[in-house]
Amino acid sequence: MFLYKHYFDSIGSGVTDLSVSHSHSELDRNSPPVRFSRTCLKNFFSVLLIFVYLLLMAVAVFLVYQTITDFREKLKHPVMSVSYKEVDIYEAPGIALYPGKAELLSCEHHLYDHIPPLKNPGQPGENRCVTQKINYIDPFTNQTMKHALIVNGPREVRKRELVYLQFHLNETEQDFSAIDYLLFSSFQNFLTSANQTKFMQDCESSFSSWKFSGGFRTWVKMSLVKSTEEDGSQSVEFRQETSVVNYIDRRPAADKGDQLFFVVFEWKDPYIQEIQDIITANPWSMIALLCGVFLVLFKAADFAKLSVKWMIKIRKRHLKKRARELNHIS
């Protein structure tokens, strides 16, 4: 009995070992190879890298487009550059006054903002200024004759030189009395001009005119602005600050029928403002940036091409190995 039992136990254990070995072989046959899993992982990361580099290429293309657009915008819209040039002496400007029926009583140059008290207001005084009268046709209407009094302006800005003028008007038919004036850059250019009439017409067309009223002392502080255009031409503009002080008329009642005008011209400071349009777009920096972007695009395309070739090669190798295994099994 013992022999029979041992014999059947050994047969059972053998059958059990056979079934266990058969199940292990089936698991090994159904489980994918480790190398195949690594190949799939490599292919996944290669595709991911290709997408990353495609994204970088898109960003590079957008950067090229944005760089070209910014360069064109900077060419269309230059930046204004403002600088200040200090001078010791200005060139004497021209002061063109249009008094109408008013009469010049006095014109004097004073230093250090000192104006002496009035001695005989309303009476003719000293005329120490270089003046010249000129008549010309209004450049805007071509019909009206204009009568201008040209006065030599101040020069010594460090000594605070000023020009002090007095006018009086006996009677006026207007409700408000005022005298027009304009400023131009050089009194000497006016004197040496071959056609002074044409010179004054051009000045009136180019410069703005202002007014000062009767019964007040108008103090005009001038500043000079030079602008350089894109074509290289230069233009001059006057800017001014005006302060007005009421005149207290102490004359007898019989003499107060005259309207008195007082005006002072002085330089504000010794600085000439220079304005110039500057194009900030630098073509060399744009070219360097475009070269860098195109180099990145080339490298990205080269890497993408090599990655695709490598994936195709790995895929072909895997298919050949798979076919070889199937042939071996069959």
Side-chain angles (χ1 to χ4, degrees), residues 89-135 146-184 187 190-191 207-224 238-270:
I89 297 177
Y90 279 99
E91 183 179 3
I95 305 172
L97 300 125
Y98 303 90
K101 295 181 179 181
E103 180 184 354
L104 177 65
L105 294 178
S106 65
C107 179
E108 298 176 341
H109 288 258
H110 299 287
L111 300 178
Y112 301 107
D113 290 345
H114 174 69
I115 299 178
L118 294 173
K119 296 180 179 179
N120 297 311
Q123 301 298 322
E126 296 182 355
N127 188 358
R128 298 179 181 177
C129 302
V130 180
T131 61
Q132 182 174 338
K133 293 183 179 180
I134 184 173
N135 302 325
K146 305 197 73 171
H147 307 280
L149 175 66
I150 313 300
V151 180
N152 188 24
R155 299 179 66 246
E156 298 283 348
V157 62
R158 298 291 183 181
K159 296 181 180 180
R160 303 173 72 178
E161 179 187 2
L162 56 87
V163 176
Y164 181 41
L165 298 100
Q166 300 182 51
F167 293 85
H168 85 103
L169 182 62
N170 287 329
E171 58 182 8
T172 178
E173 297 176 355
Q174 299 178 354
D175 296 330
F176 302 94
S177 58
I179 294 177
D180 296 337
Y181 69 95
L182 67 83
L183 305 171
F184 55 91
F187 181 77
F190 166 75
L191 292 179
F207 299 103
S208 301
S209 61
W210 295 276
K211 297 178 182 289
F212 59 91
S213 300
F216 299 92
R217 187 187 68 184
T218 304
W219 200 301
V220 179
K221 291 193 175 183
M222 307 173 294
S223 60
L224 195 61
F238 277 91
R239 295 178 182 176
Q240 62 176 3
E241 295 179 2
T242 304
S243 60
V244 179
V245 179
N246 186 31
Y247 167 63
I248 301 175
D249 196 348
R250 297 188 178 91
R251 295 178 298 168
D255 297 336
K256 289 185 178 180
D258 294 349
Q259 186 73 48
L260 299 182
F261 300 81
F262 307 92
V263 63
V264 180
F265 294 96
E266 180 189 9
W267 287 109
K268 178 184 176 182
D269 51 45

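Residue numbers start at 1 and run along the sequence shown.
Closest approach of Gln259 and Gly215 over heavy atoms only: NE2-N, 3.1 Å. In this structure, Ile179 and Ala102 approach most closely via the heavy-atom pair CD1-CB, 4.0 Å. Heavy atoms only, all atoms of each residue included: Phe207 and Leu183 are closest at CG-O, 3.5 Å. Nearest heavy atom pair, residue Tyr90 against residue Pro270, reads OH-C, 3.6 Å. For Ala96 against Ile150, the heavy-atom pair with the smallest separation is CB-CD1, 3.6 Å. Taking both residues in full, the closest heavy atoms of Leu104 and Ser106 are given as CD1-O, 3.4 Å, listed atom of the first, atom of the second, then distance.
Interatomic distance, Leu169 CG to Lys101 NZ, rounded to the nearest 0.5 Å: 8.0 Å. Atoms CH2 and CZ, from Trp210 and Phe238 in turn, are 8.0 Å apart once rounded to the nearest 0.5 Å. If you take CD1 on Ile95 and SG on Cys129, they are separated by 8.0 Å, rounding to the nearest 0.5 Å. One finds the OG atom of Ser213 at 11.5 Å from the CG atom of Asn246 (value rounded to the nearest 0.5 Å).
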In a table with atom names and distances, give each donor-acceptor pair under 3.5 Å that connects a side chain of residues 157-164 to protein atoms at least two apart or in another chain.
unit_1	atom_1	unit_2	atom_2	d
Arg158	NE	Asp88	OD1	3.4
Arg158	NH2	Glu86	OE2	2.5
Arg158	NH2	Asp88	OD1	3.4
Arg160	NE	Asp113	OD2	2.9
Arg160	NH2	Asp113	OD2	2.1
Glu161	OE1	Arg155	N	2.9
Glu161	OE1	Glu156	N	2.8
Glu161	OE2	His109	ND1	2.8

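In this structure, His110 and His114 have perpendicular ring planes: the angle between them is above 60°, well past the 30° mark.
Sorted by first then second residue, the salt bridge (charged side-chain N to carboxylate O under 4.0 Å, His left out) pairs that include residues 261-270, not counting sequence neighbours, are Glu241-Lys268. Each ring pair (Phe, Tyr, Trp, His ring centres under 6.0 Å) pair with one or both residues in residues 240-264, not counting sequence neighbours, appears once here: Tyr247-Phe262.
With sequence neighbours excluded, the residues forming a salt bridge (charged side-chain N to carboxylate O under 4.0 Å, His left out) with Lys211 are Asp180, listed by chain and number. For Phe265, the ring-ring contact (aromatic ring centres under 6.0 Å, His included) criterion is met by Tyr181, not counting sequence neighbours. Contacts of Val245 classified as side chain to side chain contact (heavy atoms under 4.5 Å, CB included), with partners at least two apart in sequence or in another chain: Arg217.
Not one N or O on the side chain of Ser209 forms a donor-acceptor pair closer than 3.5 Å with the backbone of Leu182.
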